[in-house]
Amino acid sequence: MITLLEIAVPCPLRQTFDYIADPVIKIWQKGMRVEVPFGSRQLIGIVVNIKTAEDSDTQKLKQITRCIDVTVIIPSDLFQLTVWISDYYHHPIGDCFQTVLPKRLRLGDPADIQQESFWVFKQEQQLKLGKKQQQIIDLLKKYCHGLSQTELYNHLGPCRTSLLGLQQKSIIEQEVRFKKPYQIARSEPFQLNFEQQRVVETVSNGDKTFSPYLLDGITGSGKTEVYIELARKCIENNQQVLVLIPEIGLTSQFVQRFKQRLAATIVVLNSSVSDGERKQAWLLAQQGLADIVIGTRSAVFTPLPRLGLIIIDEEHDSSYKQQDGLRYHARNVALIRAQRASVPIIMGSATPSLESLYNVQQQRYQLLTLSQRATGAKLPKITLVDSGGPKADKALSSILYHAIDKEIKAGNQVLLFINRRGFAPVLMCHDCGWQAKCTYCDAKMIVHQRRNLLCCHHCGAMQRLIDQCPDCANTELNTYGAGTEQIEQNLQTFFPNTPVLRIDRDSTQRINAFSDLIEDINKGEARILVGTQMLAKGHDFHDVTLVGVLDADQGLFSADFRATESLAQLIVQVTGRAGRGEKAGEVIIQTSQPQHPFWKDLLKHGYRYTAKKLLQERQDLMMPPAGSLCIIRAEDKQQEIAMTLLNAMLALFNQNKHAQVMVFGPVPAIMEKRAGRYRAQLLLSSQHRKPIHQLLDRTIEQISALKLARKVRWSIDIDPIDLM
Ligand code: ADP
Ligand code: ZN
Ligand code: ZN
């Protein structure tokens, strides 16, 4: 008999492959990494099954090249979760394992945790010492558990010779330990207020089973403090905590608060972490050596043998959904994880998603509320301004202008939102009507004056800014509309002595640029801040007394079914940025539709009322969360090809028909051409989740067998967050 290994290989095929095991290694386990020959390449795959076969049956099979792991790298709970993800999202298993592993491990790095040198004070000796040596001893005496060599060098500069001298005299000792960021708590916890305490007690005294909670707490109500207290209790019980945060430029404020308050090993997994650090953090968590993992979307896959609690901050945030490859939703995956690990999960937001509110309604989640700002600060006054009224310039109403002027004179900070980067969204010829359009997309080129460029925000295409019409050679080209860059420039002209700071994806490209900018803001150096949505989330700027929203309309006319929900969330989040400190705040919203019922609902009755109404609309239309959707997208360089493939899929769906699933389309995407490809989509809709999955299960093999399906790019999006 021969041992066969079934391997999930990173490739787009929806199957696993059998290989003959290496005869030397005896103990095979699911979840190990192996290198295998695949076509002309060597790939790293995951063992998903171990089988035996007769010699004669294995003639055509290849042998694995090598086994990378001595023990299992993907623990069984994570292994099972990955299998579930592959089933639920109908995504190739090999590719799912790729998403689960950090890059370095995916590429075959050994699974060893980095270690580092520590120095510990041992005993006093009556010996004459050099100045540096005395400094070392004085420092180490302060750290009774020792200090890493790196930190020691940070304090005293490189001093290897002195260290070795002291070691020889047995005054200090060197130890090798796992490299991990342990810190001691530096600040005292707050006395939680009554509401916060009730939340902490409910969650920590609940059954130690799967229990999902929605924490609905207004901005500034102290949700983060609640998370910290809950985490503290877990650590005291020797449990690990997984904290998910949205993908926003700045997470350091949030992480710093955890670090300041908890004596624990906290590892961070977000986009600013290097591949090496990511691997180290992942392995520390996997070995149970990290107490808290704080990370964005993909951190939901971190192995945690002692998991005790999952926290999802800003649970409504759309960055939890991956929009390419494996299109998972981290909140959804986290819920499954919590359920399988039988632990509580707390999802917090000032503007809960309709999904979560629906689950509360269906009594699947327990609702917890924080209704007061923790510092006692008042919520700001909100004014709606007709953007068709008197203006200070193209984009700024005079009411907003005067309000800014007043706050600046009073020495306060002002925050302005406009949801568009660049200078202007349209460049047009005054004579012939020519407009700058992207060659590769059905989209206009955005004027970026500072960089002297025209850029496409969809595909990234760029060209030099032109000053002559390419069609009629006229030199009178006009821009229409405004973006952050233009607003920044105009404000600088209006208020020449006031520092204006722009915060958008262009001004924060450099690593740390965002945290540097935030520091400037907190130091009070910038008085007027102009930014995109990036600025709306979670930041705690104490001196901001006025928030202006310049273009609140877009969401009211979008073709996307979630646009109104997102707009309501954005407005409430933005509003939460004003008046967080001692001083009261004010919000001014410019809109061309001041009469739209949306505004009355939101401003008069609040987010919960608006959300309830929107949820009712969705229920009437059988749209998510009341119904279930799946989109199949296809794209190709040639027009019509995507449609042809989707039509072939439609024929298969019709053939395998499911009474409870409706299939719509195919139709070209709203922006049909993007990045040089023509896109189309097919929509599956049902009142429940199951039927869609059943129909897909029945059909997917036939789809994969279609000739075009092997040539054309296509993808399945389960529970899509937009229909674009
Ligand atoms: P959220 O996460 O809900 O926006 P935070 O946790 O950031 O709220 O708290 C808002 C502000 O209130 C912070 O400055 C925080 O330090 C403060 N705060 C939170 N809880 C308390 C408390 N119990 N007593 C005093 N201040 C608090
Ligand atoms: Zn022209
Ligand atoms: Zn483009």
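This is a predicted model, so every value here is computed, not measured. For this chain, numbers begin at 1 and follow the sequence in order. These values consider heavy atoms only, across backbone and side chains, with no hydrogens, waters or symmetry-generated copies. Whatever order the structure lists ligands and atoms in, that order sets their numbers, starting from 1.
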Charged N to carboxylate O under 4.0 angstrom, Lys711 versus Asp636?
no
What verdict does the side-chain hydrogen bond (donor to acceptor under 3.5 Å, both in side chains) test give for Ser371 and Glu195, after you've listed the backbone C-alpha separation in whole Å, the side-chain angles of each residue and the deciding distance to 0.1 Å?
CA-CA 8 Å; Ser371 58; Glu195 283 189 318; 2.6 Å; yes
Quick check: closest heavy atoms across Glu586 and Thr383, and the distance to 0.1 Å?
OE2-OG1, 4.0 Å
Around the Zn ion (ligand 3), list the protein N/O/S atoms within a radius below 2.8 Å, excluding water molecules.
Cys438 SG, Cys441 SG, Cys456 SG, Cys459 SG
Does Leu269 reach the side chain of Ile294, with side-chain heavy atoms less than 4.5 Å apart?
no
Atom NZ of residue position Lys321 - does it have more than 12 heavy atoms of other residues, nucleotides or ligands inside 6.0 Å?
yes
Hey, is ligand 1 close enough to Gly222 that some N/O pair sits below 3.5 Å?
yes
Would Ser221 count as a contact residue for ligand 1, given that I'm defining contact as a non-hydrogen atom of the residue lying under 4.0 Å from a ligand atom?
yes
Tell me yes or no: between the side chains of Glu565 and Gln569, is some donor less than 3.5 Å from an acceptor?
yes
Check each atom of ligand 1 against the heavy atoms of Asn193 and keep those under 4.0 Å away; list them by number with element.
23 (N)
Answer yes or no: is there an ion pair linking Arg261 with Glu225, defined by an N-O contact shorter than 4.0 Å?
yes
After noting the C-alpha distance and the side-chain angles of Arg562 and Ser318, does the key distance pass the side-chain hydrogen bond (donor to acceptor under 3.5 Å, both in side chains) rule?
CA-CA 10 Å; Arg562 271 174 223 267; Ser318 59; over 6 Å; no
Quick one: do Ser356 and Glu315 satisfy side-chain hydrogen bond (donor to acceptor under 3.5 Å, both in side chains)? Show the steps, please.
CA-CA 9 Å; Ser356 296; Glu315 63 84 30; 2.7 Å; yes
Is Arg257 close enough to touch ligand 1? Criterion: a residue heavy atom under 4.0 Å from a ligand atom.
yes
Which residue, Leu416, Ile588, Asn412, forms the side-chain contact (heavy atoms from CB on, under 4.5 Å) with Leu546?
Ile588
Going by the angle between their ring planes, with limits at 30° and 60°, are Tyr227 and Phe254 parallel, tilted or perpendicular?
tilted
Got Ile235 and Asp291 here, is their nearest side-chain heavy-atom distance under 4.5 Å?
yes
Note: ligand 1 atoms sitting under 4.0 Å from heavy atoms of Gln191 are 22 (C), 23 (N), 24 (N)
With the Zn ion (ligand 2) as the centre, enumerate protein N/O/S atoms below 2.8 Å in chain and residue order.
Cys429 SG, Cys432 SG, Cys469 SG, Cys472 SG
